[in-house]
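This report refers to the structure that appears directly beneath it.
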Protein chains: 2
Amino acid sequence: MQKETLCLGLLSLGPRSGYEIKQMFEGPLSDFYSLSFGTIYPTLNSLQADKYVSCKQHSQSKKPDKKVYTITKKGMELMKDNLLGDASSYIRSGNFGDQIKSEFFLLLLFSKYLPKETMNTVLNERVLYLRQKLEQFNYDGPVPGNLDAIRNEKSVSFIRGLASALIETGLNYMEKNRGKLS
Amino acid sequence: MQKETLCLGLLSLGPRSGYEIKQMFEGPLSDFYSLSFGTIYPTLNSLQADKYVSCKQHSQSKKPDKKVYTITKKGMELMKDNLLGDASSYIRSGNFGDQIKSEFFLLLLFSKYLPKETMNTVLNERVLYLRQKLEQFNYDGPVPGNLDAIRNEKSVSFIRGLASALIETGLNYMEKNRGKLS
DNA sequence: TTAAACTATATCAATTTGATATAGGTATTG
DNA sequence: CAATACCTATATCAAATTGATATAGTTTAA
C-alpha cells in the first residue's frame with residue numbers, strides 16, 4: 001500500500017503527529033505493517049505541500065513543537081480513490097501472501113543444523129511468546145489516548161479475532177507436532 | 001536473518017546457481033521469505049571471495065554461463081555459527097512477529113471507506129485465493145529438480161502442515177465472521 | 001540525584017528492492 | 001511458419017526504505 005494512502009488512512013481516524021503515527025505502527029499495527037520515521041516524516045511533509053493534510057504547530061512550553069496533522073477533504077478523496085483503485089491488488093497479500101519475512105520459519109527450515117537442546121529452548125520460548133501475543137490480542141482494557149481510535153474501529157475487532165484464532169491454531173499445532181522436527 | 005546465512009543455508013541443500021536460489025524464493029519459500037536478484041548475486045560474489053562457497057562455471061552451449069555455487073567446509077561452519085548465535089533473536093519474528101507487511105489487513109482496517117459490493121468481491125476473491133494456497137501446501141506431487149531438495153527437508157513437512165492449519169483456520173473465521181465487517 | 005526512558009522532529013549512510021539491460025531458447029497460437 | 005510471449009541466466013542501478021544517530025527537553029524510577 002502506498003505510504004501516502006496509509007498515512008491518510010490513519011489520519012482519517014483523527015488528527016495525529018508523526019510521532020503518534022509511529023506509535024500506532026509500534027502498537028496495535030505492529031503485527032501487520034510498519035513504517036519508519038524516515039518514511040513517515042517526509043510523507044507528511046509532501047502530503048501537506050499538496051494540501052492533502054493541514055498542519056497545526058503546537059508549541060509545548062519546552063518540548064519540541066508538536067506538528068499535528070489533520071486530513072483535508074481533498075485528502076479523504078485521494079485516500080478513498082487509492083483504496084478503491086488498488087483494492088484488488090491487496091487480495092493476494094498478507095498472511096500467506098506477499099511481503100512476509102519470517103525469520104522463525106527460516107530457523108525451523110535450518111533446525112537440523114542446531115543442537116537439539118537449542119531447538120527445544122527455541123520452541124519453548126516461541127510458545128511463551130505466542131501465548132503472550134494471544135493475551136495481547138484478547139486484552140480489552142484501556143489503551144493510551146492516541147491509540148484509542150484505532151482500537152474502536154469495527155474492523156479491528158474482526159482482525160483481532162482472526163489473529164487470536166490463528167495464534168491458537170499455531171500453538172496447538174506446535175504442541176502436537178514439535179516431535180516431528182527432530 | 002543475514003543474507004549470507006540464508007544463502008549458505010540454501011546452498012547446504014545442494015549446489016545451486018543464483019537464478020535457482022531465486023526460484024526457491026519464488027516457489028516453496030515465497031510465503032515465508034524472499035531476496036531479490038540485486039541481493040542474491042552480490043552476496044554470492046562476496047561469499048565466494050571469502051571462500052565460504054566455491055563456484056563452477058558451466059558454459060551452456062548458447063545460454064549465458066551458469067555459475068553453480070557449492071558451500072565449502074568453512075561455509076558450513078559459518079552458517080552453523082550464525083544460526084546458533086542468532087537463534088534466540090528469531091523467536092519473536094514471523095507470523096505475529098516482526099517484518100510483516102500485510103496489505104490485506106490494511107485493506108480490512110480501512111474497509112469502511114470502500115463500497116459494500118467492492119468489499120464483498122474482495123472477500124470472495126480472498127477466500128478463493130486462500131483455497132488455492134491451501135491446495136498448494138497440501139500438494140504432494142512432483143516438483144522441478146532444483147526445488148526437490150527443499151521439499152524433502154524434514155522441517156518442510158512440519159512447516160507445510162502448520163501453514164495448512166493456519167489457512168484453514170483463516171478460511172473458517174472469514175466465512176463465519178465476515179458479516180461483522182459491515 | 002542521577003540514570004533511564006519518553007516525547008518529538010529531522011536527517012542520512014547503508015541496504016534493499018524493483019526495474020531494466022542483455023541475449024539466446026522454448027513454447028504457444030493463429 | 002512466423003510472431004509473440006515467456007523462460008533461463010547474470011548483472012547493474014536509480015529509487016525507496018530502514019535503522020541509526022543527532023538534538024533537546026521531560027518524566028519516571030531507583
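Numbers restart at 1 for each chain; the letters A, B, ... are given by sequence-line order, proteins then strands.
Environment of CD in B:E135: sparse, with no more than 12 heavy atoms of neighbouring residues, nucleotides or ligands closer than 6.0 Å. Few gaps surround NZ on B:K74; more than 12 heavy atoms of other groups in view lie less than 6.0 Å from it.
Rounded to 10°, the helix from C:dT1-D:dA30 to C:dG30-D:dC1 has 50° between the axis fitted to its first five pairs and the one fitted to its last five.
Nucleotide C:dA8 holds its P atom 14 Å from the CD1 atom of A:I40, rounded to whole Å. Straight-line distance from the CD atom of B:E20 to the P atom of D:dA9: 6 Å, rounded to whole Å. Atom CG of A:L35 is separated from atom P of D:dT17 by 8 Å (rounded to the nearest Å).
Between B:K67 and D:dA11 there is a side-chain polar atom (N or O) within less than 4.0 angstrom of OP1 or OP2. In terms of phosphate contacts, B:T39 brings no side-chain nitrogen or oxygen within less than 4.0 Å of OP1 or OP2 of C:dT15. Residue A:Y41 has a polar side-chain atom (N or O) positioned under 4.0 Å from OP1 or OP2 of C:dT9. A close approach under 4.0 Å does not occur between any side-chain nitrogen or oxygen of A:Q23 and OP1 or OP2 of C:dA8. Close to C:dT17, at under 4.0 Å from its OP1 or OP2, lies a side-chain N or O of A:K101. In terms of phosphate contacts, A:Y19 brings a side-chain nitrogen or oxygen within less than 4.0 Å of OP1 or OP2 of C:dT7.
Cluster annotation: A:F37 and A:M24 are assigned to distinct hydrophobic clusters (Ile/Leu/Val/Met/Phe/Trp/Tyr, side-chain heavy-atom contacts under 4.5 Å, transitive). The same ILVMFWY cluster, assembled from side-chain heavy atoms under 4.5 Å apart, contains both B:Y129 and B:L107.
Nucleic acid contact for A:G38: base, since at least one base atom lies under 4.0 Å from a heavy atom of the residue. Among the heavy atoms of the strands lying under 4.0 Å from B:S34 are primed sugar atoms or P, OP1, OP2 only; no base atom is included.
Between A:C7 and A:T43 the shortest heavy-atom distance is SG-CG2, 4.0 Å.
Taking the ring axis of B:F104 as reference, the NZ or CZ atom of A:R92 does not stay both within 45° of it and closer than 6.0 Å to the ring centre.
For B:S17, whose side chain is taken as the heavy atoms from C-beta onward, the closest listed nucleotide among D:dT17, C:dT9, D:dT10 is D:dT10.
For residues 105-125 of chain A, the pairs satisfying side chain to side chain donor-acceptor pair (under 3.5 Å) are A:K112-B:E153, A:Y113-B:S12, A:N120-A:R178, A:N124-A:R178, with sequence neighbours left out.
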